[in-house]
Protein chains: 2
Amino acid sequence: MSKGEATREAILDTASRLARSVGLGGITIGTLASRAELSKSGLYAHFRSKESLQVSILEHTRARFVAEVVAPALTEPRGEPRVRALFENWLTWDSQPGGCLFVAASSELDDQPGPVRDRLVRYQQDWLDSLAEVFRTGLSEGHFLADADPEQFAFEVDGVMLSRHLSGRLLDDPNAVSRARTAFEALLDRARA
Amino acid sequence: MSKGEATREAILDTASRLARSVGLGGITIGTLASRAELSKSGLYAHFRSKESLQVSILEHTRARFVAEVVAPALTEPRGEPRVRALFENWLTWDSQPGGCLFVAASSELDDQPGPVRDRLVRYQQDWLDSLAEVFRTGLSEGHFLADADPEQFAFEVDGVMLSRHLSGRLLDDPNAVSRARTAFEALLDRARA
DNA sequence: GCGACAATAGCACGATCGGTCGGTCAGTCG
DNA sequence: CGACTGACCGACCGATCGTGCTATTGTCGC
């Protein structure tokens, strides 16, 4: 990796951390530059505009998300263990400082059309699809009731995750994670029974 | 209502609508002023600072929320009907242009300490408490299993609402509302069975 | 150790930010 | 009538925004 690429990665790491606390739109070129120990113009050598920076942040974070949350889960046995792994990995992911960027960005961008929002929509849809798809491996393994609806399951698991994000991060509820686990287990029970 | 008060209300209506699409922090005094057909200084006759404007927006929206979501539900019979009403009223509330402001503000402010965040935390906590409390009336009416956990129920219902907000508003999923209802019914089933 | 080129800094721009100022004008009260 | 008030405006403040251009530095093949 050349020096330029390394700097770019470092910038995106910092930017993604920053975005998690102030939002994608709350990022300022000046603050980010000083946070990354670079001049503003130094930043512009890597990103042509603020918007393309935001898209790059999403791409970068997405790559990490796949590597840390999705990919490891796929090494688990098909079916319920894999569903569990996906859920647990997400809990870990959301526990990083600032929580899950995609959650934060979702309500920020849901009314602001443009390439950034488009990218985010794609990633969120992919995520729900992944949840549904993994659930489907549980269907074909006979772990779950045959008439269970994978998309509905994804919808509900995502809700549990969102609730955990809110309760844990905004309300500082120390029980948020355990409440989320309880809710998740109830969902699994229902899919099985 | 004096002329000043009327203007103030009109400003807050406009502001709350604006905040729902660009976020509380995304509001700009200039844009809000022109949107409200007022000069910036005319605005500052009503709000001493941007921060106090933001707090006022939350207060104003909260008053509407109580009047349109919580209060009507409390006229329903105690127990399950009241829980249902609360849920349905929220779905209607979140269907207004821009959706629920509190949801949007939650992930925006979860990492930004200050009076605005403090106010939002209080309102969110109140909301979860309302959900739990209404569920409790169902317990004392014998509608639900005696060992059901009202706070856990509130956590899970809130998750369903958040998921509906995301799927409906970001992903434009036309099935979001019906998925939410299905999930909600499942929660009720579990509390009963 | 020199030339080439990538990487970064310096600096300045127009726009816009939140916020303040002096002042106008309709209405109220005595 | 005159004194006063609340509501509002246009102009303007210093700061900061995103974004370019140009100069300087660092790195590496030869």
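Letters A, B, ... mirror the listed sequences (proteins, then strands); counts begin at 1.
- Note on B:Ser49: every side-chain N or O is 4.0 Å or more away from OP1 and OP2 of C:dG18.
- Looking at heavy atoms from C-beta onward, A:Val66 lies out of side-chain contact with A:Tyr123 at the 4.5 angstrom threshold.
- If you check C:dG19, C:dT20, D:dC8 against the side chain of B:Thr7, the one that comes closest is D:dC8.
- As a whole-Å value, the separation of A:Phe47 CZ from C:dA7 C1' is 14 Å.
- With sequence neighbours excluded, no residue forms a ring pair (Phe, Tyr, Trp, His ring centres under 6.0 Å) with A:Phe47.
- Within a heavy-atom distance below 4.0 Å of DNA chain C, no residue of residues 14-24 of chain A is found.
- If you take CD of A:Glu51 and P of D:dG18, they are 13 Å apart, rounded to a whole angstrom.
- With a 6.0 Å radius and a threshold of 12 heavy atoms from other residues, nucleotides or ligands, A:Arg35 has its CZ atom at or below the threshold.
- Sequence neighbours left out, the pairs with a member in residues 135-163 of chain A that pass ring-ring contact (aromatic ring centres under 6.0 Å, His included) are A:Phe135-A:Phe144, A:Phe135-A:Phe153.
- Ion pairing between a basic and an acidic side chain is recognised when a charged N comes within 4.0 Å of a carboxylate O; B:Glu151 and B:Arg136 show such pairing.
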Under 3.5 Å, N/O pairs linking protein and nucleotides 12-17 of chain C:
from: C:dC17; atom 1: OP1; to: B:Thr28; atom 2: OG1; distance (Å): 3.4

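- Not a single donor-acceptor pair, N or O on each side, falls under 3.5 Å between the base of C:dG10 and the side chain of A:Ser39.
- Inspection of the A:Ser163 and A:Arg179 side chains reveals no N or O donor paired with an N or O acceptor under 3.5 Å.
- Under the rule for a side-chain contact (heavy atoms from CB on, under 4.5 Å), the partners of A:Val116 that lie at least two apart in sequence or sit in another chain are A:Leu24, A:Glu51, A:Gln54, A:Val55, A:Leu58, A:Leu109.
- Side-chain contact, B:Arg20 with B:Ser16: a donor N or O sits under 3.5 Å from an acceptor N or O.
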Side chains of residues 36-43 of chain B: which donor-acceptor partners sit under 3.5 Å, not counting sequence neighbours?
from: B:Ser39; atom 1: OG; to: B:Ser41; atom 2: OG; distance (Å): 3.2
from: B:Ser39; atom 1: OG; to: B:Gly42; atom 2: N; distance (Å): 3.0

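- Across the protein-nucleic acid pair, B:Tyr44 atom OH and C:dG23 atom P stand 22 Å apart, rounded to whole Å.
- Contacts of B:Leu38 with the nucleic acid, taken as non-hydrogen atoms under 4.0 Å apart, involve only primed sugar atoms and P, OP1 or OP2.
- When rounded to the nearest whole Å, the span between CG of B:Leu43 and C1' of D:dG6 equals 16 Å.
- One atom, CG of A:Leu53, and another, C1' of D:dT19, lie 13 Å apart when rounded to the nearest Å.
- Across the protein-nucleic acid pair, A:His46 atom NE2 and D:dT19 atom C1' stand 16 Å apart, rounded to whole Å.
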